[in-house]
Amino acid sequence: MLDIKMIRENPQMFVELLSRRGGDFSYIYDMVDKDKRRREIISQVEKIKALRNETSKQIGLLKREKKDASEVMKKVENIGVEIKAFEVELKEIEEYIHYNLLMTPNIPGKETPIGDTEDDNIEIKQEGTIPTYDFEPIPHWDLGTNLDILDFERASKISGSRFTVYKGLGARLERALINFMSDLHAIEHKYTEILPPYIINKDSMIATGQFPKFEDDAFKVLDERDLYLNPTAEVPVINLHRNEIIPVEQLPIRYTAFTTAFRQEAGSAGRDTRGIIRQHQFNKVELIKFTKPENSYKELDLMLKDSEKVLQLLKLPYRVVILCTGDLGFSMRKTYDIEVWLPSFRTYREIGSISNAEDYQARRANIKFKRTKDAKPEFVHTLNGSGLAVGRTVVAIMENYQQKDGTIVIPEVLIPYMKTDIIK
RNA sequence: GGAGGAAUACCCAAGUCCGGCUGAAGGGAUCAGUCUUGAAAACUGACAGGGCGUUUAUAGCGCCGCGGGGGUUCGAAUCCCUCUUCCUCCGCCA
């Protein structure tokens, strides 16, 4: 979340920056007014409390000396009532401010281009050559059904729409990619591997920014506890350090985590209904970093390179874009999307997203570090990126490596994991 | 699922029955110093942090803080309610 202290210094600047995302943020001014009232009340209440503490101490002294304290006690009797009245108002104001801060997205960074839709994203690089075919490339859902490695019909029997059964070498391809990506990041790129819980509490969802605004996107566990299915490894892994002061020598912390992610896709009805591009359940290998503020953009670019490496090794053509303000995620200051070429779509599709939240999530999650033993704690910067979405990588391999006879050649780096060089 | 027990500062731990000189004893670890060529030992000293408010201020002062939240009271680590986590035993289970 944003810092109310900084907002009150310059509210119009925050309103202007937030408006770049689209929407009305004029309520910020009201928050600043409420914050002023909040501080007034605190000053008053604390004066009264100081008096009460002092007087109570006197009562204690008198009683210990077996003296009569009833007169002094009468004097303070009503102090509690007075405090309570102030605290009712204070609580109301604080809840208002806190809720609005939770509902307010991050301000876009300087390098985030202003725009409304993904059409305003800026392409910064293309890599790999788009393959040409002497036949009409077919979409992955047909390839998968023909090869009997993806089973959509039976998946809907078991679970419903937007679920898929992987079968035979299809299942092995998914598993091979999970291992290939995890090995690359954990062993080659030196990220510490994490295997987190997939069921997550509400505090964690609030800390990374999913809640309260996007509660509809999560699968809720039917249980008296407030528990939800993991929507992305970003949530459990950032929350590893919630309410912690990280020893400065540990920074930067780099984690990689394979998780299965679950999403309602509530706002995507009718989009990508065929195939496995958009599923309620999908696998992802994620990269997460905690850094000092001054290093976060350097680490962001390194993270982008680590993600790109997956596609380079798989020899898949892709491009990188910078998301514009209208496409930027709620908690993020700056985001790169990696988009892979899909022949049957004749376009690039998102396969990974690499973002810097700066201190936005750290402030929500209360994650700090101290430069020295006596220094004041500062918020870390949090970064997260895909490394990559596994299901979409399966799609990219199937489509880009398809042959005229309907078979799929396995990329060389995956052969040790697949124990075969072709799916037929 | 059943029956008990516990949560105090970096760690261990006293205090909780019987509320007030406990804003938290004591020990360990750590840091600094004395001694030493250096180190160890011994001795001396420091050692609650974090948030909030006020403020030019990482100075002062104040408020909060003994697992979290709430309550009783002039006053709560101590009493009451509630939640969470951990431990022991029984049952069940991959």
Side-chain angles (χ1 to χ4, degrees), chain A residues 1-10 31-102 195-207 211 221 223-228 236 239-250 260 292-293 359 361-380:
Chain A
M1 75 194 152
L2 301 174
D3 185 356
I4 186 70
K5 287 184 204 158
M6 292 183 72
I7 293 175
R8 73 186 177 223
E9 295 298 313
N10 197 351
M31 280 171 66
V32 172
D33 289 344
K34 291 272 205 305
D35 177 59
K36 190 167 174 236
R37 175 68 187 146
R38 178 187 137 256
R39 281 143 59 212
E40 284 168 8
I41 296 171
I42 288 172
S43 287
Q44 292 225 40
V45 162
E46 287 187 352
K47 260 178 226 158
I48 300 169
K49 280 188 178 174
L51 175 69
R52 184 192 63 185
N53 289 346
E54 180 51 39
T55 316
S56 292
K57 213 171 268 175
Q58 282 175 27
I59 294 170
L61 278 166
L62 287 172
K63 292 222 163 170
R64 219 173 300 119
E65 292 163 15
K66 303 265 192 291
K67 286 182 188 160
D68 179 37
S70 57
E71 203 175 308
V72 195
M73 283 173 71
K74 204 172 263 173
K75 241 173 65 187
V76 256
E77 219 160 77
N78 289 315
I79 284 186
V81 183
E82 208 177 334
I83 291 173
K84 208 160 274 176
F86 275 121
E87 284 187 335
V88 168
E89 189 188 351
L90 184 62
K91 195 180 173 195
E92 199 177 297
I93 288 175
E94 285 183 331
E95 276 171 4
Y96 169 88
I97 294 171
H98 186 65
Y99 179 76
N100 279 287
L101 283 175
L102 289 179
L195 189 65
Y198 291 2
I199 292 179
I200 291 170
N201 63 31
K202 194 169 201 167
D203 287 345
S204 299
M205 297 290 268
I206 290 170
F211 286 9
V221 176
D223 185 278
E224 66 276 9
R225 294 163 293 190
D226 267 325
L227 296 174
Y228 303 84
N239 275 283
L240 281 176
H241 295 292
R242 174 153 49 90
N243 293 327
E244 288 185 14
I245 295 176
I246 299 171
V248 65
E249 64 273 12
Q250 289 179 17
T260 302
K292 287 186 197 172
D359 63 2
Q361 290 179 321
R363 184 172 286 105
R364 279 176 168 252
N366 188 29
I367 305 171
K368 300 182 173 181
F369 77 104
K370 288 201 278 190
R371 290 184 190 276
T372 63
K373 194 171 159 288
D374 303 312
K376 200 178 163 203
E378 295 172 57
F379 290 112
V380 298

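Bear in mind the structure is a predicted one, so any value in this text is a computation, not a measurement. Just so it is clear, the values below take in all heavy atoms, side chains as well, and ignore hydrogens, waters and symmetry mates. Naming convention: chains lettered A, B, ... in sequence-line order (proteins, then strands); numbering from 1 in each chain.
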Legend entry - A:Lys376 NZ - B:rA57 P separation (whole Å): 10 Å
Inset, instruction - Return the 5'-most residue of the pair A:Ile59, A:Val45 with respect to RNA chain B, ranking by each residue's nearest nucleotide. - result: A:Val45
Inset, instruction - Please check the phosphate of B:rU54 (OP1 and OP2 only) for any side-chain N or O of A:Arg39 closer than 4.0 Å. - result: yes
Inset, instruction - Tell me which nucleotide among B:rC74, B:rG50, B:rC63 gets nearest to the side chain of A:Met73. - result: B:rC74
Inset, instruction - Determine the Euclidean distance between corresponding C1' atoms of B:rU36 and B:rC86; express it in Å to zero decimal places. - result: 47 Å
Inset, instruction - Write down the distance separating the C1' atoms in B:rC89 and B:rG26, rounded off to the nearest Å. - result: 33 Å
Inset, instruction - List the steps, then state whether side-chain contact (heavy atoms from CB on, under 4.5 Å) holds for A:Asn239 with A:Ile200. - result: CA-CA 10 Å; A:Asn239 275 283; A:Ile200 291 170; 5.9 Å; no
Legend entry - Euclidean distance for C1', B:rU58 against B:rU22 (whole angstrom): 29 Å
Inset, instruction - Identify whether any heavy atom of A:Arg38 sits under 4.0 Å from a base atom; if not, whether one sits that close to sugar-phosphate; answer base, sugar-phosphate or nothing. - result: sugar-phosphate
Legend entry - Whole-Å P distance, B:rA32 and B:rC47: 16 Å
Legend entry - Short side-chain N/O contact to B:rG71 OP1/OP2 from A:Lys84, under 4.0 Å: no
Inset, instruction - Could you pick out which residue, A:Lys368 or A:Glu46, lies toward the 5' side of RNA chain B when each is mapped onto its nearest nucleotide? - result: A:Lys368
Legend entry - Between B:rC64 (P) and A:Arg52 (CZ): distance, integer Å: 6 Å
Inset, instruction - Answer yes or no: are there more than 12 heavy-atom neighbours, outside A:Glu92 itself, under 6.0 Å from its atom CD? - result: no
Inset, instruction - Would you mind telling me which of B:rG53, B:rG50, B:rC64 lies closest to the side-chain atoms of A:Pro377? - result: B:rG50
Inset, instruction - Would you classify A:Thr55 as touching base, sugar-phosphate or nothing, given that sugar-phosphate means primed atoms plus P, OP1 and OP2, and contacts are heavy atoms under 4.0 Å? - result: nothing
Legend entry - Same-atom distance (P) from B:rU82 to B:rG27, integer angstrom: 39 Å
Legend entry - Side chain of A:Ala50 (C-beta onward), nearest among B:rG62, B:rC74, B:rG50: B:rG62
Legend entry - Flag if over 12 foreign heavy atoms under 6.0 Å of OH, A:Tyr198: yes
Inset, instruction - Check the distance between B:rC61's C1' and A:Lys49's NZ and give it to me in whole angstrom. - result: 17 Å
Inset, instruction - Would you indicate which nucleotide in B:rC74, B:rC64, B:rG53 comes nearest to any side-chain atom of A:Arg8? - result: B:rG53
Legend entry - A:Asn53 side-chain N/O to B:rC63 phosphate OP1/OP2 under 4.0 Å: yes
Inset, instruction - Using a 4.0 Å heavy-atom cut-off across all strands, classify A:Ile42 as base, sugar-phosphate, or nothing. - result: sugar-phosphate
Inset, instruction - Determine yes or no for a side-chain-to-main-chain donor-acceptor pair under 3.5 angstrom, with A:Arg364 supplying the side chain and A:Leu102 the backbone. - result: yes
Inset, instruction - Start with the C-alpha gap between A:Glu89 and A:Arg37, add the side-chain angles, then the distance that decides, and say whether side-chain contact (heavy atoms from CB on, under 4.5 Å) holds. - result: CA-CA 10 Å; A:Glu89 189 188 351; A:Arg37 175 68 187 146; 2.9 Å; yes
Inset, instruction - Scan every strand shown for a Watson-Crick or G-U wobble partner of B:rA24, both distances under 3.5 Å, and answer none if you come up empty. - result: none
Legend entry - A:Leu62 CG - B:rC21 P separation (whole Å): 14 Å
Legend entry - Nearest-angstrom distance, C1' atom, B:rA3 to B:rA94: 25 Å
Inset, instruction - Assess the side chains of A:Ser56 and A:Asn53: does a donor N or O sit below 3.5 Å from an acceptor N or O? - result: no
Inset, instruction - Rounded to the nearest angstrom, tell me the gap between atom NZ in A:Lys370 and atom P in B:rA48. - result: 13 Å
Legend entry - Identity of whatever pairs with B:rU58 - Watson-Crick or G-U, under 3.5 angstrom: none
Inset, instruction - Starting at atom NZ of A:Lys91, determine the distance to atom P of B:rC64, rounded to an integer number of angstrom. - result: 18 Å
Inset, instruction - Determine, for A:Lys5 against A:Asp3, whether the closest basic-nitrogen to carboxylate-oxygen distance falls under 4.0 angstrom. - result: no
Inset, instruction - Considering only atom P, compute the distance from B:rC66 to B:rU8 and round it to an integer number of Å. - result: 12 Å
Inset, instruction - Report the base-pairing partner of B:rU44 (Watson-Crick or G-U wobble, both distances below 3.5 angstrom), or none. - result: B:rA32
Inset, instruction - Write down the partner of B:rG38 under the Watson-Crick or G-U wobble criteria, each distance required to be under 3.5 Å. - result: none
Inset, instruction - Determine the interatomic distance between P on B:rA24 and the same-named atom on B:rU85; round to the nearest Å. - result: 32 Å
Legend entry - Atom-pair distance (CG on A:Asp35; P on B:rU54), nearest Å: 9 Å
Inset, instruction - Report the base-pairing partner of B:rU85 (Watson-Crick or G-U wobble, both distances below 3.5 angstrom), or none. - result: B:rA6
Legend entry - Between B:rU82 (P) and A:Arg225 (CZ): distance, integer Å: 19 Å
